[in-house]
Amino acid sequence: MSLCHTTEGPIDDAGSRAPNPTDDRRERLGMNLLSLGDAVIVTDASGKIILLNPVAESLTGWTDHDSKDRPIESVFRIIHEVTRQPVAQPVTKVIELGTIQNLSRSSLLVARDGSELAIDDSAAPILDAEGELDGVVLIFRDVTEHRQEELRLEDARHQNEVIIATVQDSLLVLDADLRVRSANRSFYETFQTSPAETIGQSLLTLGDGQWNIDGLPVALQAILTRETSFDDFSVERVFPAIGARVMLLTARRLRRKEGRENMILLAIEDVTERRRMTTSLAASELRFRRLFEAAKDGILILDGESGRITDANPYLLELLGYEHAELLGKELWEIGLFGDEEASRASFQELQQKGYVRYDDLPLSARGGRPVEVEVVSNVYRAGAQTIIQCNIRDVTARKRADEELRRAKEAAEEAGRTKDLFLATLSHELRTPLTPVLATVAYIEAMPSLPEELRAEFASIRRNVELEARLIDDLLDLTRIGQGKLHLEREAVDAHAVLRSAMEVCQDEVEAKKLEVSFALRAENRRVWADPARLQQVFWNLIKNAVKFTPAEGRISLRSAETETGLLAIEVADTGAGIEPQALSRIFDAFEQGDRHVARRHGGLGLGLAIAKMLVDLHGGTLTAASGGKGQGSVFRVELELIPRSADPNSQPDPAATEEEGKTKLLLVDDNADTLRAISLLLRSTGFVVRTATTVEEATAALSHERFDLLVSDIGLSDASGLDIMRQCRDTYATKGIALSGYGTPDDVMASEAAGFAHHLSKPSNLNVLVDLIRRTAS
């Protein structure tokens with residue numbers, strides 16, 4: 001390529017062309033520069049381009065022709081590859097300084113089409129004969145591939161450094177003399193040392209010779225001389241800075257380029273904790289194996305994927321009658337568990353889904369078809385990457401046998417209980433029946449004005465003893481009913497003060513006989529409670545009776561009431577009697593418990609009154625407590641019941657005046673015992689009732705058909721049929737209410753009475769005052 005023709009000079013007057021200075025320079029430089037393999041740009045002393053060789057044309061995208069006389073900045077555009085800012089022109093610096101200039105290694109050439117490539121270059125001054133700057137030559141080359149290779153190497157080096165720095169194992173690079181060339185951060189942290197104490201030092205002298213271990217130097221030298229390697233070289237010793245440790249060493253030769261020395265990469269892993277865990281795990285496995293073999297339950301280990309047996313303990317082998325090898329690889333249904341294959345696999349699928357399955361009663365067939373009742377608990381757990389199923393199998397044959405024996409014993413006990421209840425009911429009926437006419441006759445005679453006073457006291461004594469006998473019978477039956485949960489309360493709004501006074505009246509004869517002083521301090525303004533009046537009176541009667549029994553003659557009994565801060569009604573029965581020993585307070589409400597045995601023997605009784613009172617109060621949702629200062633210090637029994645709010649409907653409260661105003665109430669009294677019938681009818685007539693009597697169902701039916709009655713009072717067990725039949729006729733035909741008066745008083749008897757239509761069920765012998773009061777309230 002000729003430089004001369006690129007630009008024509010001016011033509012002189014003679015018609016010939018005048019010499020062009022630029023062409024002269026191109027001519028002088030062109031032949032030498034065009035032959036270079038690098039890109040070349042030549043400028044004049046002002047930085048305007050004179051020449052681009054073909055390589056420069058290729059790299060810049062400019063032709064030699066198009067670039068002529070252009071400023072160097074418009075063709076040779078260079079920027080910094082990171083900041084993207086223009087880089088100072090080397091040509092400009094040469095013009096300014098007159099010295100050779102080199103580009104930064106981070107320069108990019110922006111070609112005419114906007115593409116970029118990495119370059120390196122140098123610019124040098126061109127001097128004329130006088131040494132003056134005549135121009136600048138810029139030589140550069142495309143180093144993009146070289147730069148990318150450098151970057152790849154830099155990235156690889158950085159990546160290796162990061163990997164080495166973050167590796168948890170300690171790493172050392174050793175030369176042929178086993179001196180440390182480099183170490184990672186983990187080494188410094190693990191062995192608590194510094195680069196200054198490590199780099200350049202012999203491995204064998206580090207840490208006061210902690211690595212100068214028999215066999216290690218020879219093994220390391222063999223890596224270099226015989227190109228070997230080693231793994232898991234165990235070092236167990238006390239290191240000066242960190243104490244006793246177990247280290248595992250791994251070494252490899254680092255291959256270098258030809259002519260360069262080889263080195264050793266030494267990795268040091270602290271396996272102290274792993275070794276401890278391995279030892280602990282081995283001990284744990286040993287303990288498990290011993291438990292597995294000594295367990296008194298059968299244990300099966302199954303593969304979690306296939307459900308096949310992989311192990312069985314000796315107890316299970318003995319239970320089933322198999323050898324160990326005979327069980328391995330079998331499924332559960334094949335050893336008689338679950339009975340068939342379908343049931344076994346259904347259970348296996350459930351176990352895989354839930355992770356836990358329990359069977360409390362599963363038949364198992366041992367070798368030879370011998371049946372065994374077992375309890376099976378299966379769990380799924382992971383052991384590393386493996387799923388394990390453990391089945392614990394317990395022989396419950398003996399327990400099942402015991403359960404069956406217990407069931408039969410329970411049935412026998414229940415049957416005995418039913419027999420006992422029937423016996424008690426029959427006994428109660430037979431005991432009550434002769435007492436009823438006695439009590440009614442005594443009450444009738446006591447009411448006679450003509451009865452001599454000396455006999456009145458005797459009859460009162462007879463009445464009290466008959467009532468006591470009846471109470472003992474009632475207490476035994478009540479205790480049984482309450483204990484079995486068969487006692488039903490008939491609740492209504494009750495004036496607790498009125499019930500308390502009624503209970504006191506029942507005990508008045510005993511109080512007067514012992515000349516006891518009774519005081520009332522009933523200060524509760526609200527005294528209405530929701531209770532069964534008969535049962536509440538029974539509670540108060542028992543408490544007063546107890547106070548009378550254990551208080552000596554001329555002692556004192558106090559009946560007190562108050563409203564508590566928590567909105568309860570508190571009723572207290574206090575006495576100055578024998579008191580209660582501290583050790584007896586905790587059991588004073590137990591059945592047949594009477595505290596001091598000497599006192600109990602002197603006063604008699606079965607010790608049931610307080611137990612029944614406590615049970616009845618509990619049924620009402622209240623509390624009954626006892627307190628005493630000790631022997632001879634008297635006692636205080638306190639009942640707490642929930643009050644009916646004052647805003648409640650006052651009409652729910654019984655109206656005693658209404659019952660007192662009743663006129664002649666007509667009663668039909670039915671009983672097949674002539675003595676009882678006569679005595680009760682006398683008493684009821686003396687009280688103001690009109691009484692008709694009948695001894696059979698037939699007589700009662702005839703009376704009902706001829707006369708209208710306000711109330712039926714009937715025994716249940718009659719000679720020709722049942723009093724229940726009479727009550728059904730009264731209910732269905734005459735809409736007449738009734739009261740059952742029977743020697744049968746079991747819960748079943750009461751329920752049968754209620755079902756027939758009786759409004760109340762009284763057990764013989766009943767307190768006649770209670771019967772009269774109940775007749776008046778029912779008839780009203």
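What you are looking at is a predicted structure, and each value in this text was computed from that prediction instead of being measured. Worth knowing before you read on, the calculation uses all heavy atoms, side chains too, and leaves out hydrogens, waters and symmetry mates.
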Just verifying a value: how many Å separate [X] [atom1] and [Y] [atom2], rounded to the nearest 0.5 Å?
X: Leu683; Y: Thr441; atom1: CG; atom2: OG1; result: 9.5 Å
X: Leu669; Y: Ile739; atom1: CG; atom2: CD1; result: 11.0 Å
X: Asn542; Y: Leu610; atom1: CG; atom2: CG; result: 7.0 Å
X: Asp749; Y: Glu754; atom1: CG; atom2: CD; result: 11.5 Å
X: Lys666; Y: Phe709; atom1: NZ; atom2: CZ; result: 6.5 Å
X: Asp725; Y: Thr701; atom1: CG; atom2: OG1; result: 8.5 Å

Quick one, Thr695 with Glu699, criterion side chain to side chain donor-acceptor pair (under 3.5 Å). Give me CA distance, side-chain angles, the key distance, then yes/no. CA-CA 7 Å; Thr695 59; Glu699 292 178 6; 3.1 Å; yes
Please test Asp671 against Ser714 for side chain to side chain contact (heavy atoms under 4.5 Å, CB included), starting from the C-alpha separation and ending with a verdict. CA-CA 6 Å; Asp671 200 302; Ser714 177; over 6 Å; no
pair [X]-[Y]: side-chain heavy atoms closer than 4.5 Å:
X: Tyr444; Y: Ile680; result: no
X: Arg556; Y: Leu516; result: no
X: Asp532; Y: His620; result: yes
X: Val750; Y: Tyr744; result: no
X: Leu568; Y: Leu641; result: no
X: Leu718; Y: Ile726; result: yes
X: Tyr734; Y: Leu704; result: yes
X: Ile571; Y: Arg560; result: no

Between Arg728 and Arg731, does a side chain to side chain contact (heavy atoms under 4.5 Å, CB included) hold up when you go through it step by step? CA-CA 5 Å; Arg728 292 189 190 100; Arg731 178 193 64 190; 4.1 Å; yes
Which heavy atom of [X] sits nearest to which heavy atom of [Y], and what is that distance?
X: Arg638; Y: Thr564; value: NH2-CG2, 3.6 Å
X: Ala702; Y: Ser705; value: O-OG, 2.7 Å
X: Met727; Y: Ala756; value: CG-O, 3.7 Å
X: Thr696; Y: Ser719; value: CG2-OG, 3.8 Å

Applying side chain to side chain donor-acceptor pair (under 3.5 Å), can you list everything that pairs with [X], at least two apart in sequence or on another chain?
X: Glu411; answer: Arg407
X: Asp618; answer: Lys614
X: Arg685; answer: Ser681

Between Glu404 and Arg408, does the salt bridge (Lys or Arg N to Asp or Glu O under 4.0 Å) criterion hold? Intermediate values first, please. CA-CA 6 Å; Glu404 178 61 23; Arg408 288 198 296 267; 3.2 Å; yes
Should we say atom [atom1] of [X] is surrounded by more than 12 heavy atoms from elsewhere, each under 6.0 Å from it?
X: Arg394; atom1: CZ; answer: no
X: Glu640; atom1: CD; answer: yes
X: Glu525; atom1: CD; answer: no
X: Glu698; atom1: CD; answer: no

Under the criterion side chain to side chain donor-acceptor pair (under 3.5 Å), I'd like the reasoning laid out for Thr736 against Asp710: C-alpha separation, chi angles, the key distance, then a yes or no. CA-CA 6 Å; Thr736 303; Asp710 297 308; over 6 Å; no
Val697 and Ser722: CA distance, side-chain angles, deciding distance, side chain to side chain contact (heavy atoms under 4.5 Å, CB included) verdict: CA-CA 7 Å; Val697 173; Ser722 171; 6.0 Å; no
Going by distance alone, is a donor N or O of one side chain under 3.5 Å from an acceptor N or O of the other, for His497 and Ser561?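 A pair is found: one side chain offers a donor N or O, the other an acceptor, under 3.5 Å apart.
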Could you please spell out the steps behind the side chain to side chain contact (heavy atoms under 4.5 Å, CB included) verdict for Asp715 and Leu741? CA-CA 5 Å; Asp715 192 6; Leu741 185 63; 5.9 Å; no
Does the salt bridge (Lys or Arg N to Asp or Glu O under 4.0 Å) test come out yes or no for Glu563 and Arg523, once each step is laid out? CA-CA 8 Å; Glu563 295 178 58; Arg523 296 189 174 89; over 6 Å; no
Applying salt bridge (Lys or Arg N to Asp or Glu O under 4.0 Å) to Asp495 and Arg527, what does each step give before you reach the verdict? CA-CA 6 Å; Asp495 183 336; Arg527 66 276 190 129; 3.3 Å; yes
Should Lys549 and Glu510 be marked as a salt bridge (Lys or Arg N to Asp or Glu O under 4.0 Å) after you check the CA-CA gap, both sets of side-chain angles, and the distance that decides it? CA-CA 9 Å; Lys549 178 193 282 190; Glu510 290 91 336; over 6 Å; no
